[in-house]
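The figures here come from the full heavy-atom set of this structure, side chains too, leaving out hydrogens, waters and symmetry mates. Just so it is clear, the model here is predicted, and its values are computed rather than measured. Every chain is numbered from 1, with letters handed out A, B, ... down the list of sequences.
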Protein chains: 2
Amino acid sequence: MSLRHALLGLLAAAPASGYELTKQFEMSLGNAWGARHSQIYPELRRLAEEGLLEAGDEGARGRKEYTITPDGRAELRRWLVDTEPDRSARNEPLLRVFFLWVLPDEEAAAYLDKEAASYRTHLEALDEIDRTAPWGRSPVARMFRISLEEGRRWATTMAEWAEWAAGEIRSGRSAAELEGMS
Amino acid sequence: MSLRHALLGLLAAAPASGYELTKQFEMSLGNAWGARHSQIYPELRRLAEEGLLEAGDEGARGRKEYTITPDGRAELRRWLVDTEPDRSARNEPLLRVFFLWVLPDEEAAAYLDKEAASYRTHLEALDEIDRTAPWGRSPVARMFRISLEEGRRWATTMAEWAEWAAGEIRSGRSAAELEGMS
DNA sequence: AATTGCATGTAAATTGTTACATGATTTT
DNA sequence: AAAATCATGTAACAATTTACATGCAATT
């Protein structure tokens, strides 16, 4: 279960409330893993029961802040170092491309144009984060920047690929003609 | 639910059994979406009940072949054209990178080396598919090749990124020093 | 005074994984 | 004759989403 380790990872940087953690899943982390508040709150409670987190007193508006414990840090480290990442990714936009052949060429190409535009928009959003984020000298900030660069390279590659693919379809090349071209 | 549309998409190309569809999820499709036979068999039954597929007679060893119906093709088209793709991807290797800062620099860099190697291996597997797949002139083959190219560009970008990231960490640059470099 | 945002939770339904269970056919 | 592969299914469990539900605090 990646959710608990994502929560431990976020809380390893700084204590936070369930609400704040939910926002982080919506923002930066959302590109790699998704979670709603309805999943986050019960998981935080469980992690606290297991001693990996410590729950603070209730603040304004019932806010509860969770802090990671030494056991929590150890578990996070164990996950990173001793377990193999699950490489079975889930990506619906990618899935759709396999089936685009059911559409007439021009519709398929138009679909890929839209995909390309979406990746370009995403790239602009990442560039904006890059420009406006408060970059510090901490290891956390350095790794965040490296993650951001990963996102930027990925979005750039996907945009270029979608543009290329739309062109291939419009040029009407058959699979046979494509052979030995890449 | 993407699973049903993935099944419709595969069956739009050719009739197949649940067993064969399971193999396709393990192979090519697995890079974009995963599904086990225990999820596939009941879903095929449901799709047949709804009239989107038609189940053939039982063949050798109880094999059942499903064929897509016109309603099934219409639903596949509707999904591709009229619905927005869910862009909330799930990717555990990406998630881990956000938290690599908890490791000492050399351990984090070693982790990224391993990631890079994994992407290079994946790329080789895709190249092997490229070399050995029976490329035809059909729209299906053309789109499969375009999907394969997507995977190759993605794997190449990720490998290059991981190698760059390991270098950045080993060079000991702080986040502040990284600024204005990209 | 009303709206928006902060803040937490639960319940029901759906989706997905792991484990259990069986049997025929082909290959070694 | 044994092992591997083909082939299908169900049950229990875990993860995730959607919907329901509440209330305080700050802004307009």
Side-chain angles (χ1 to χ4, degrees), chain A residues 1-8 10-11 15-27 29-50 53 55-66 79 83-92 95, chain B residues 1-8 10-11 15-27 29-50 53 55-66 79 83-92 95:
Chain A
M1 199 197 343
S2 292
L3 173 62
R4 56 173 39 219
H5 297 108
L7 291 170
L8 289 173
L10 289 171
L11 291 169
S17 68
Y19 187 84
E20 287 157 358
L21 293 164
T22 301
K23 294 292 158 193
Q24 295 196 62
F25 273 96
E26 282 169 16
M27 297 301 200
L29 224 60
N31 298 308
W33 206 263
R36 312 295 166 85
H37 79 275
S38 63
Q39 204 186 354
I40 290 167
Y41 286 117
E43 190 61 36
L44 287 171
R45 190 176 46 71
R46 273 191 293 270
L47 286 165
E49 279 166 11
E50 292 171 34
L53 298 180
D57 301 328
E58 286 204 3
R61 275 165 289 181
R63 181 173 184 278
K64 251 189 280 181
E65 195 171 72
Y66 288 91
W79 175 66
T83 70
E84 272 301 302
D86 176 4
R87 298 189 189 279
S88 66
R90 248 152 228 281
N91 189 315
E92 201 195 294
L95 178 68
Chain B
M1 201 197 341
S2 292
L3 173 61
R4 56 172 39 216
H5 296 108
L7 291 170
L8 289 172
L10 289 171
L11 291 169
S17 68
Y19 186 84
E20 287 157 358
L21 293 164
T22 301
K23 294 293 159 194
Q24 295 197 60
F25 273 97
E26 282 169 17
M27 297 301 202
L29 223 61
N31 298 308
W33 205 265
R36 313 294 167 86
H37 79 274
S38 62
Q39 204 185 353
I40 290 168
Y41 287 116
E43 189 61 34
L44 287 170
R45 190 176 47 71
R46 273 192 294 271
L47 286 164
E49 279 166 12
E50 292 170 34
L53 298 180
D57 300 329
E58 285 205 4
R61 275 166 291 185
R63 179 173 185 278
K64 252 187 280 181
E65 194 170 72
Y66 288 90
W79 175 66
T83 69
E84 272 301 302
D86 176 3
R87 298 188 189 279
S88 65
R90 247 153 228 281
N91 189 315
E92 202 196 292
L95 178 69

Rounded to whole Å, NZ of K64(B) lies from P of dA7(D) at a distance of 14 Å
Could you say whether M1(A) or H37(A) is positioned toward the 5' end of DNA chain D, judged by the nucleotide with the nearest heavy atom to each? M1(A)
Whole-Å gap separating P (dT17(C)) and OH (Y41(B)): 16 Å
Atom-pair distance (CG on L44(A); C1' on dG9(C)), nearest Å: 12 Å
Side chain S38(B) and base dT18(C) donor-acceptor under 3.5 Å: yes
Please report the distance, rounded to the nearest Å, between CZ in F25(A) and P in dT17(D). 11 Å
For K23(B) and dA7(D), is the shortest distance between a side-chain N/O and OP1 or OP2 below 4.0 Å? no
I need the CG-C1' distance between L21(B) and dG9(D), as an integer number of Å. 15 Å
Does the pair R90(A)/E92(A) count as a salt bridge with the N-to-O cut at 4.0 Å? no
The answer to which of R46(B) and R36(B) contacts DNA chain C further toward the 5' end, by nearest nucleotide, is R46(B)
With DNA chain D as reference, determine whether E58(B) or R90(B) sits nearer its 5' end, using the nearest nucleotide of each. E58(B)
L21(B) vs L44(B), side chain to side chain contact (heavy atoms under 4.5 Å, CB included): CA-CA, chis, key distance, verdict: CA-CA 10 Å; L21(B) 293 164; L44(B) 287 170; 3.8 Å; yes
Distance check needed: dT10(D) P versus Q39(B) CD, whole Å only. 14 Å
Main chain of E43(B), side chain of R4(B): is a donor-acceptor contact present, judged purely on distance under 3.5 Å? no
List the steps, then state whether side chain to side chain contact (heavy atoms under 4.5 Å, CB included) holds for L53(A) with L7(A). CA-CA 10 Å; L53(A) 298 180; L7(A) 291 170; 5.6 Å; no
Starting from C1' on dA15(D), measure out to CG on L3(A) and report it in whole angstrom. 9 Å
What is the distance, to the nearest angstrom, from the CD1 atom on I40(B) to the P atom on dA7(D)? 14 Å
Under 4.0 angstrom between Y19(A) side-chain N/O and dT8(C) OP1 or OP2: no
Within the 4.0 Å heavy-atom criterion, would you say R61(A) contacts the bases, only the backbone, or no part of the nucleic acid? base
Does this structure show an ion pair linking E26(A) with K23(A), if we count only N-O contacts that are shorter than 4.0 Å? yes
